[in-house]
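Here's the structure, in structure tokens; my notes come after.
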Amino acid sequence: MKCISFFLFIFFNPVSKAQTAQQAHCSSPEAKQFDFWIGNWNLTWNDTLYGTNHIEKILGSCTIQENFNDPNTKLYR
């Protein structure tokens, strides 16, 4: 029984440490350097063209996603 308990401890212990390390990585100051960009933006270029941009954090706040919309060309990314 001691052998099984030891095996389970060794097997599951690194998994919990890996999850903690990943969560800490996404909450580090370096991971928040583009947080100023998050939100909804109205865009203008060439003084006559307009569009919108929606920036949000996804995937557990580890990734920033940009959603660009150009109504003049029906382009939505």
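Positions are given from 1, in the same order as the sequence printed here. Remember, predicted model here, so these are calculated numbers, not experimental data.
- Here the shortest heavy-atom pairing between Gly51 and Pro71 reads CA-CD, 3.9 Å.
- The other residues sharing a hydrophobic cluster with Ile58 are Leu59, where clustering joins ILVMFWY side chains under 4.5 Å apart.
- Between Asn67 and Gln65, some side-chain heavy-atom pair lies under the 4.5 Å cut-off.
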Please set out all donor-acceptor pairs under 3.5 angstrom arising from side-chain atoms of residues 36-49, sequence neighbours excluded.
{"residue": "Asn40", "atom": "OD1", "partner": "His54", "partner atom": "ND1", "Å": "2.5"}
{"residue": "Trp41", "atom": "NE1", "partner": "Trp37", "partner atom": "O", "Å": "2.8"}
{"residue": "Thr48", "atom": "OG1", "partner": "Asn46", "partner atom": "O", "Å": "3.4"}

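- In this structure, the side chain to side chain contact (heavy atoms under 4.5 Å, CB included) partners of Glu30, at least two apart in sequence or on a different chain, are Ser28, Gln33.
- Taking every heavy atom of both residues into account, Ala31 and Cys26 meet most closely at CB-O, 3.3 Å.
- With sequence neighbours left out, Lys57 forms a side-chain hydrogen bond (donor to acceptor under 3.5 Å, both in side chains) with Asp35.
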